[in-house]
Amino acid sequence: MSNQYVSRVVETLKKRYPGEAEFHQAATEVLDSLTPVIKKNKEIEQAGILERITEPERQIIFRVPWVDDSGKVQVNRGMRIQYNSALGPYKGGIRFHPSVNTSIIKFLGFEQIFKNSLTGLMMGGGKGGADFDPKGKSDNEVMRFCQSFMTELYRHIDADTDVPAGDIGVGAREIGYMFGQYKRIKNIYHGILTGKGLLYGGSLARTEATGYGCVYFCEEMLKDRKSSFEKKNVVVSGSGNVAIYAAQKAMSLGAKVIAMSDSSGYVYDANGIKLDVVKRLKEVERKRISEYAKEVKSAKFKDGCSGIWTIPCDIALPSATQNELDEKAAQTLIKNGCVAVAEGANMPSTPEAVKVFLDAKIAYGPGKAANAGGVATSGLEMAQNSQRLSWTFDEVDTKLHQIMVNIHETAKNAAKEYNTPGNLVNGANIAGFLKVAKAMIAHGVV
Ligand code: NDP
């Protein structure tokens with residue numbers, strides 16, 4: 001469903017930014033679901049909201065030179081896209097992965113605007129990253145890279161301007177190095193990053209937040225269908241931050257997680273994945289998931305990460321990366337009896353896969369709603385930093401849980417109000433958009 005205004009804006013974006021496939025995909029999905037809102041609120045077109053909301057307020061692209069362990073100079077490309085500040089300081093992660101380019105960072109930054117709006121906290125949207133691959137690098141190389149990255153980034157961020165966090169390839173180690181460099185350059189102890197270590201301003205439960213939040217969201221979808229995680233077989237793609245804690249929470253609610261993956265392949269363990277082994281391999285030893293099958297005899301490793309979707313399961317939690325689950329994988333999941341998909345990753349399902357889930361009327365939670373727990377808890381970290389206080393794990397987890405319940409309710413109600421009951425893609429896009437659009441209109445043409 002699309003109207004002329006939406007089509008015109010999408011066409012302009014495609015002409016202006018040729019080759020940015022992921023950005024076109026994210027923008028088209030959001031704008032298409034806004035058609036009924038635009039028909040109802042004429043002011044949106046008059047105020048040029050779609051043209052403005054799709055164009056980042058600011059994009060910073062910079063050189064990141066660093067010296068590797070052999071003494072050779074390496075150069076990467078860093079960027080920060082400050083997308084929209086209508087609701088608060090720009091907020092969104094930093095990704096270090098060889099695939100990083102403007103299309104990927106723009107799609108992530110664009111999604112972040114609506115996700116952050118859904119949390120109910122005062123946060124604008126942004127995203128950043130570099131085409132740097134931390135895999136296989138020594139700690140010293142990663143430190144030198146992070147320091148060089150921050151030596152440019154520091155002048156564009158501040159606790160009330162732009163507060164980055166982690167994402168793929170950026171965990172506690174990288175955040176620590178970037179925080180240290182910021183503090184050294186500016187001589188200010190500000191909460192300019194979230195996902196910090198607990199000793200220097202991090203929030204309890206931030207590490208767990210995205211994965212836990214995704215499961216809390218899924219639990220709400222299941223409750224609406226008089227179901228739960230109890231005794232369900234769950235497949236979780238990825239074995240990074242989001243995947244590990246999604247698996248942990250699903251298990252604590254009585255589910256059995258039978259498969260996890262990384263970019264090289266997946267492990268299947270009918271007895272249930274031993275999460276302590278995955279955590280040690282991934283968080284401590286930084287090894288490949290294939291090592292799991294060498295240690296745990298009941299498990300099998302298979303090459304190729306997309307094969308994970310052929311494993312019959314009740315619930316799928318895609319938590320690795322964008323477009324990891326295509327139409328064929330979606331059809332296989334449905335055929336094998338999958339009743340719920342909640343996205344821990346950003347845009348892991350292709351548009352064709354999303355259509356399969358919506359047509360099958362299974363419980364489907366899109367990433368911008370289902371994985372909003374990470375940024376929500378980053379918002380809670382910012383609040384604690386401003387107060388110079390630390391809340392307990394239970395306090396943060398309780399707030400996170402309530403936020404996820406609210407996001408589900410908000411998306412569900414918006415879907416109903418705009419005549420697509422049960423369609424949480426439309427619901428999340430519409431509810432997230434309306435708040436930002438109203439704030440933008442209130443701020444005048446800026
Ligand atoms: P991590 O770097 O901790 O883990 C990423 C995982 O995904 C790894 O297992 C990695 O495998 C796998 N992966 C990465 N790229 C690919 C690829 N091209 N194909 C297959 N697998 C891949 O990242 P996070 O867990 O933080 O992020 C995962 C997803 O969740 C991303 O989409 C991110 O944007 C999203 N997200 C993260 C949030 C957070 O708080 N961290 C918040 C909200 C969303 P390998 O090690 O082999 O590369």
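As the structure is a computational prediction, the values presented were derived from the model and not from experiment. Numbering of residues begins at 1 and proceeds along the displayed sequence. Indexing begins at 1, ligand by ligand and atom by atom, following the structure's order.
- In Arg206, the part holding a heavy atom less than 4.0 Å from any atom of ligand 1 is the side chain.
- Side-chain atoms of Asn76 do not come within 3.5 Å of backbone N or O of Val64 as any donor-acceptor pair.
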Show me the donor-acceptor pairs within less than 3.5 Å that the side chains of residues 241-248 make with the rest of the protein, sequence neighbours left out.
unit_1, atom_1, unit_2, atom_2, d
Asn241, ND2, Thr207, O, 3.0
Tyr245, OH, Glu283, OE2, 3.0
Gln248, OE1, Lys279, NZ, 3.2
Gln248, NE2, Tyr212, OH, 2.7

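- Residue, atom and distance of the protein heavy atom nearest to atom 3 (O) of ligand 1 are Asn241 N, 2.9 Å.
- Between Val163 and Ile157 the shortest side-chain heavy-atom distance does not fall below 4.5 Å.
- Of the N and O atoms on the side chains of Ser70 and Asp68, at least one donor lies less than 3.5 Å from an acceptor on the other residue.
- Atom 37 (C) of ligand 1 has Val242 CG2, 3.4 Å as its closest protein atom, hydrogens excluded (heavy atom only).
- Put simply, CZ on Phe132 and CZ on Phe96 are 7.0 Å apart, with the number rounded to the nearest 0.5 Å.
- At a heavy-atom distance under 4.0 Å, no atom of Ser237 approaches ligand 1.
- Side-chain atoms of Ser237 and Glu324 form a donor-acceptor pair, as typed in the model, at a separation below 3.5 Å.
- If you take CG on Leu87 and CG on Asn116, they are separated by 8.5 Å, rounding to the nearest 0.5 Å.
- Of the protein's heavy atoms, Ile168 CG1, 3.6 Å lies nearest to atom 27 (O) of ligand 1.
- Residue Lys282 has no nitrogen or oxygen atom sitting less than 3.5 Å from a nitrogen or oxygen atom of ligand 1, judged on distance alone.
- Backbone and side-chain nitrogen or oxygen atoms of Cys305 are examined, and none is located within less than 3.5 angstrom of a nitrogen or oxygen of ligand 1.
- Under the 4.0 angstrom criterion for non-hydrogen atoms, Ser239 is in contact with ligand 1.
- Between Lys91 and Met382 there is a side-chain heavy-atom pair separated by less than 4.5 Å.
- Taking 4.0 Å as the cut-off, His97 counts as a neighbour of ligand 1 on heavy-atom distance.
- Of the candidates Gly240, Ala320, Gly171, it is Ala320 that places a heavy atom closest to atom 28 (C) of ligand 1.
- Residue Asn346 has at least one heavy-atom neighbour below 4.0 Å for each of these atoms of ligand 1: 32 (O), 33 (C), 34 (O), 35 (C), 36 (N), 44 (C).
- Ligand 1 has no N or O atom lying under 3.5 Å from any N or O atom of Lys127, backbone or side chain.
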Practice task
For side-chain hydrogen bond (donor to acceptor under 3.5 Å, both in side chains), just list the numbers for Thr350 and Glu327, CA-CA rounded to whole Å, side-chain angles, deciding distance to a tenth of an Å, and then say yes or no.
Solution key: CA-CA 7 Å; Thr350 64; Glu327 183 178 23; over 6 Å; no
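- Looking at atom 45 (P) of ligand 1, its nearest protein heavy atom turns out to be Ser263 OG, 3.5 Å.
- Enclosure of atom NZ in Lys223 by more than 12 non-hydrogen atoms of other residues, nucleotides or ligands within 6.0 angstrom is indicated.
- Residue contacts with ligand 1, taken as heavy atom pairs separated by less than 4.0 Å, involve Thr210 solely via side-chain atoms from C-beta onward.
- Scanning all protein heavy atoms for the shortest distance to atom 48 (O) of ligand 1 gives Lys135 NZ, 2.9 Å.
- The contact set between ligand 1 and Gly238, taken as ligand atoms under 4.0 Å from a residue heavy atom, comprises 9 (O).
- For atom 2 (O) of ligand 1, the closest heavy atom belonging to the protein is Gly169 N, 3.0 Å.
- Among the atoms of Leu108, none of the N or O lies under 3.5 angstrom from an N or O of ligand 1.
- The aromatic rings of Phe23 and Phe110 lie perpendicular to each other, with more than 60° between the two planes, well past the 30° mark.
- The contact set between ligand 1 and Arg95, taken as ligand atoms under 4.0 Å from a residue heavy atom, comprises 31 (C), 32 (O), 33 (C), 34 (O).
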Exercise for the section: Assess whether side-chain contact (heavy atoms from CB on, under 4.5 Å) is satisfied between Asn346 and Asp167, documenting all intermediate values. Expected result: CA-CA 10 Å; Asn346 284 308; Asp167 191 77; 4.3 Å; yes
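- Aromatic ring orientation, His401 versus Tyr216: parallel (interplanar angle below 30°, classes split at 30° and 60°).
- The Gly344 neighbourhood of ligand 1 comprises atoms 30 (O), 35 (C), 36 (N), 44 (C), with distances under 4.0 Å to a heavy atom of that residue.
- Looking at ligand 1, you'll find an N or O of Arg288 within less than 3.5 Å of one of its N or O atoms.
- The nearest heavy-atom contact from the protein to atom 16 (C) of ligand 1 is Thr321 CG2, 3.6 Å.
- At the shortest separation from atom 33 (C) of ligand 1 among protein heavy atoms lies Asp167 OD1, 3.1 Å.
- The CG atom of Asp397 lies 8.0 Å from the CD atom of Glu208; values are rounded to the nearest 0.5 Å.
- For a threshold of 3.5 Å applied to N or O pairs, the pair formed by Asn371 and ligand 1 contains no separation below that value.
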